[in-house]
Undergrad: 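Dropping a structure here in structure tokens format, bear with me for questions.
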Number of protein chains: 2
Amino acid sequence: MKMFKIPEATVSRLSVYSRFLSKLDKKGIITISSGEIAEGVGVGAAQVRKDLAYFGEFGTRGVGYNVKDLHQHILKILGLTTSWPVVVIGAGNLGTALCLYDGFRERGFNIVAMFDVDPLKIDKEIEGITVYSMEKLGDIIKEKEVKMGVIAVPAEYAQQIADLLVKNNICAILNFAPAVIKVPEEVQLRNVDLSVNLEILTFNIVNNVKNLY
Amino acid sequence: MKMFKIPEATVSRLSVYSRFLSKLDKKGIITISSGEIAEGVGVGAAQVRKDLAYFGEFGTRGVGYNVKDLHQHILKILGLTTSWPVVVIGAGNLGTALCLYDGFRERGFNIVAMFDVDPLKIDKEIEGITVYSMEKLGDIIKEKEVKMGVIAVPAEYAQQIADLLVKNNICAILNFAPAVIKVPEEVQLRNVDLSVNLEILTFNIVNNVKNLY
DNA sequence: CCTAAATTGTTCAATTTTTCACTATTATTT
DNA sequence: AAATAATAGTGAAAAATTGAACAATTTAGG
Ligand SMILES: NC(=O)c1ccc[n+]([C@@H]2O[C@H](COP(=O)([O-])OP(=O)(O)OC[C@H]3O[C@@H](n4cnc5c(N)ncnc54)[C@H](O)[C@@H]3O)[C@@H](O)[C@H]2O)c1
Ligand SMILES: NC(=O)c1ccc[n+]([C@@H]2O[C@H](COP(=O)([O-])OP(=O)(O)OC[C@H]3O[C@@H](n4cnc5c(N)ncnc54)[C@H](O)[C@@H]3O)[C@@H](O)[C@H]2O)c1
């Protein structure tokens with residue numbers, strides 16, 4: 001790969017483009033211009049072209065992009081041409097909601113197991129997904145070749161769960177706990193912090209920030 | 001307010017600082033330096049000082065920041081000195097998980113009502129929060145002076161719910177549906193897109209992106 | 001009281017990201 | 001076949017963000 005350092009914002013937009021293209025494809029639309037993509041996802045047309053230009057030339061000048069084609073290219077770029085087995089740690093309200101959610105499967109993410117410490121939850125099944133005790137974590141990660149883990153335990157345990165995942169050679173962690181956790185630099189970490197999102201909104205309200213879309 | 005355009009990243013870091021300070025305060029810690037905050041939340045010390053500098057001078061040179069004091073200042077900046085009534089639209093798995101979650105209340109967000117179209121869910125209570133039919137939305141927003149709405153309905157209905165919220169004078173929307181929705185520029189909108197987050201991780205894994213923390 | 005250590009606030013430089021404007025290419029029309 | 005219109009790709013400019021360096025201020029110790 002010609003890794004020229006891709007802005008993270010670019011990657012997240014690619015993910016959005018991809019979903020938009022998928023919708024267009026289902027509607028049977030064959031070609032689309034950068035301007036129409038831009039309009040559809042709420043960014044600038046130059047931005048769309050620049051984002052794609054990091055990875056190659058996917059369009060035809062004067063014509064636009066072939067929807068199916070571009071979609072496939074983006075899926076490839078994002079690593080979504082294969083399925084990703086995922087484990088969820090914490091079978092509470094959030095963990096359960098994630099398990100019941102179809103949207104992940106549609107994008108190639110497969111929750112293969114949940115884990116919890118609560119004896120009442122262990123060995124139960126949620127939508128066909130078994131909740132295991134924590135001792136099984138290592139075995140299942142190895143057996144199912146799991147690369148990604150989702151942390152949905154209370155914040156005070158988030159770091160220890162992260163450590164455990166790291167010890168079991170997980171490559172990436174999505175953390176929902178409102179905690180700052182540290183992992184070795186070779187492990188990918190993203191935090192989804194819902195309070196932060198709400199608080200950006202309150203900040204904007206009280207400071208009367210004009211949207212700039 | 002001396003609105004010099006605050007980077008959104010700054011606002012989200014303020015939210016994280018605030019939680020960190022709250023933890024320190026509970027531990028009885030009186031003063032802290034920018035370097036320690038930086039260490040605690042995983043950013044640079046200069047970044048911390050720069051973020052705060054947008055809003056005033058809160059520290060004492062040679063000494064650091066008073067924890068309680070700084071915390072109060074940040075809460076004020078974020079608009080968290082008053083409680084925010086919130087409505088959640090969509091009493092499904094995610095909406096329910098959000099309702100059961102204490103973390104929001106702790107930060108001053110109060111879910112005052114949920115809304116759904118499913119007759120089986122309407123009039124049920126979840127953790128003391130009633131699920132109302134959609135017709136009640138306007139009345140309750142007005143009555144409870146709700147400024148923020150959370151969208152937790154399937155993607156295909158997200159736009160119409162957003163429109164409805166806007167029509168009822170909501171100020172800010174947090175959208176969980178994987179849909180691009182449009183609102184007037186005076187309405188604050190944030191999207192929490194979990195698939196995007198997972199896909200940034202897969203991108204990083206397959207492209208071997210080194211973390212830079 | 002003076003000096004040294006600590007640490008903030010701030011300026012300025014570096015970097016990153018976005019936007020703009022232009023060039024090249026393709027398709028279509030006359 | 002030439003002219004026109006549409007639109008991708010791209011390099012340069014602009015804007016936004018981060019990072020490093022340092023001057024200013026406070027406290028503590030001799
Ligand atoms: N529910 C939400 O809407 C929501 C929103 C934002 C953030 N979060 C965060 O997500 C996390 C989970 O939230 P939740 O609402 O599902 O909480 P929850 O209490 O419903 O579930 C937590 C689960 O983790 C399990 N658990 C506790 N310690 C564990 C450990 N050491 N190892 C394995 N499992 C353990 C518990 O048994 C429980 O089943 C929390 O950190 C919360 O702050 C939740
Ligand atoms: N569950 C998750 O973990 C998860 C994760 C990421 C994103 N999301 C997104 O969040 C949204 C909700 O997900 P969910 O898992 O809770 O789905 P869900 O199907 O469990 O719940 C959706 C709820 O919305 C209600 N609803 C449908 N149309 C409505 C309308 N027009 N007005 C009011 N209510 C309506 C339904 O009756 C249902 O109760 C979806 O857009 C989903 O893609 C969910």
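Within every chain, numbering begins at 1; the chains are lettered A, B, ... in the order of the sequence lines, protein sequences first and strands thereafter.
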Undergrad: Roughly, in whole Å, what's the span from OH in B:Tyr17 to P in C:dT8?
TA: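 Computing the B:Tyr17:OH to C:dT8:P distance gives 12 Å.
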Undergrad: Tell me what B:Gly64 touches on the nucleic acid: a base, only sugar-phosphate, or nothing, going by heavy atoms under 4.0 Å.
TA: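 Answer is sugar-phosphate: B:Gly64 comes under 4.0 Å of backbone atoms only.
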Undergrad: Are B:Lys5 and D:dT17 close enough that a side-chain N or O sits under 4.0 Å from OP1 or OP2?
TA: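 For D:dT17, OP1 or OP2 has a side-chain N or O of B:Lys5 closer than 4.0 Å.
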Undergrad: Tell me: CZ of B:Arg61 to P of D:dC22, nearest whole Å?
TA: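 So the two atoms are 16 Å apart, to the nearest Å.
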Undergrad: Between A:Thr60 and A:Ala9, just flag the one whose closest nucleotide in DNA chain C comes earlier from the 5' side.
TA: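 Result: A:Ala9.
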Undergrad: Just compare D:dG9, C:dT17, C:dG9 and give me whichever is closest to any side-chain atom of A:Pro7.
TA: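 The listed nucleotide nearest to A:Pro7's side chain is C:dT17.
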Undergrad: Whole angstrom is fine here: how far is it from CG in A:Leu52 over to P in D:dG9?
TA: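 These atoms are roughly 7 Å apart.
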Undergrad: If you assign B:Ala46 and A:Gly44 each to the DNA chain C nucleotide with the nearest heavy atom, which residue ends up on the more 5' nucleotide?
TA: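 Looking at the nearest nucleotide for each, B:Ala46 comes out on the 5' side.
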Undergrad: Can you tell me how far C1' of D:dT10 sits from CZ of A:Phe55, to the nearest Å?
TA: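 Interatomic distance, CZ of A:Phe55 to C1' of D:dT10: 16 Å.
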Undergrad: Would you say the rings of B:Tyr17 and B:Phe20 are close, in the sense that their centroids are separated by under 6.0 Å?
TA: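 No; B:Tyr17 has its ring centre 6.0 Å or more from that of B:Phe20.
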Undergrad: Would you say that more than 12 heavy atoms from the other residues, nucleotides or ligands in this model lie under 6.0 Å from the CD of A:Glu156, or not?
TA: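 Counting other residues, nucleotides and ligands, CD of A:Glu156 exceeds 12 neighbours.
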Undergrad: Does atom CZ of B:Phe58 have more than 12 heavy-atom neighbours, drawn from other residues, nucleotides or ligands, at distances under 6.0 Å?
TA: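 Count over threshold, so yes.
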Undergrad: The side chain of A:Val63 is closest to which nucleotide in this list: C:dT26, D:dT10, C:dT18?
TA: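 Among the listed nucleotides, the one closest to the side chain of A:Val63 is C:dT26.
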Undergrad: Between A:Tyr65 and D:dG9, is there a side-chain N or O to OP1/OP2 distance below 4.0 Å?
TA: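 It does, given that an N or O in the side chain of A:Tyr65 lies less than 4.0 Å from OP1 or OP2 of D:dG9.
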Undergrad: Looking only at side-chain N and O atoms, does A:Gln47 come under 4.0 Å of OP1 or OP2 in C:dT17?
TA: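 Checking C:dT17 against A:Gln47, no side-chain N or O comes under 4.0 Å of OP1 or OP2.
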Undergrad: Between the base of D:dG9 and the side chain of A:Lys50, is one N or O donor paired with an acceptor at under 3.5 angstrom?
TA: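 By the distance-only test, no, there is no pair.
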Undergrad: Would you classify B:Gly59 as touching base, sugar-phosphate or nothing, given that sugar-phosphate means primed atoms plus P, OP1 and OP2, and contacts are heavy atoms under 4.0 Å?
TA: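 Sugar-phosphate, backbone atoms only, no base.
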Undergrad: Whole angstrom is fine here: how far is it from CD1 in B:Ile6 over to P in D:dA15?
TA: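 After rounding, the gap between these two atoms is 19 Å.
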Undergrad: Where the side chain of B:Asn175 meets the backbone of B:Ala177, is there a donor-acceptor pair that is under 3.5 Å apart?
TA: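 Indeed, once roles are kept as given, a pair shorter than 3.5 Å links the two residues.
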Undergrad: Rounded to whole angstroms, how far apart are CZ on A:Phe58 and P on D:dT10?
TA: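 Whole-Å distance recorded here is 11 Å.
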Undergrad: Rounded to whole Å, how long is the line connecting atom OH of A:Tyr54 with atom P of D:dG11?
TA: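 Distance check: A:Tyr54 OH to D:dG11 P gives 13 Å.
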Undergrad: What do you reckon, is CD of A:Gln159 surrounded by more than 12 foreign heavy atoms closer than 6.0 Å?
TA: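 Result for CD/A:Gln159: enclosed.
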Undergrad: Within less than 4.0 Å of OP1 or OP2 of D:dT18, is there a side-chain N or O belonging to B:Arg49?
TA: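 Looking at the OP1 and OP2 atoms of D:dT18, neither is under 4.0 Å from any side-chain N or O of B:Arg49.
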Undergrad: What is the distance, to the nearest angstrom, from the CD1 atom on B:Ile32 to the P atom on C:dA6?
TA: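 After rounding, the gap between these two atoms is 17 Å.
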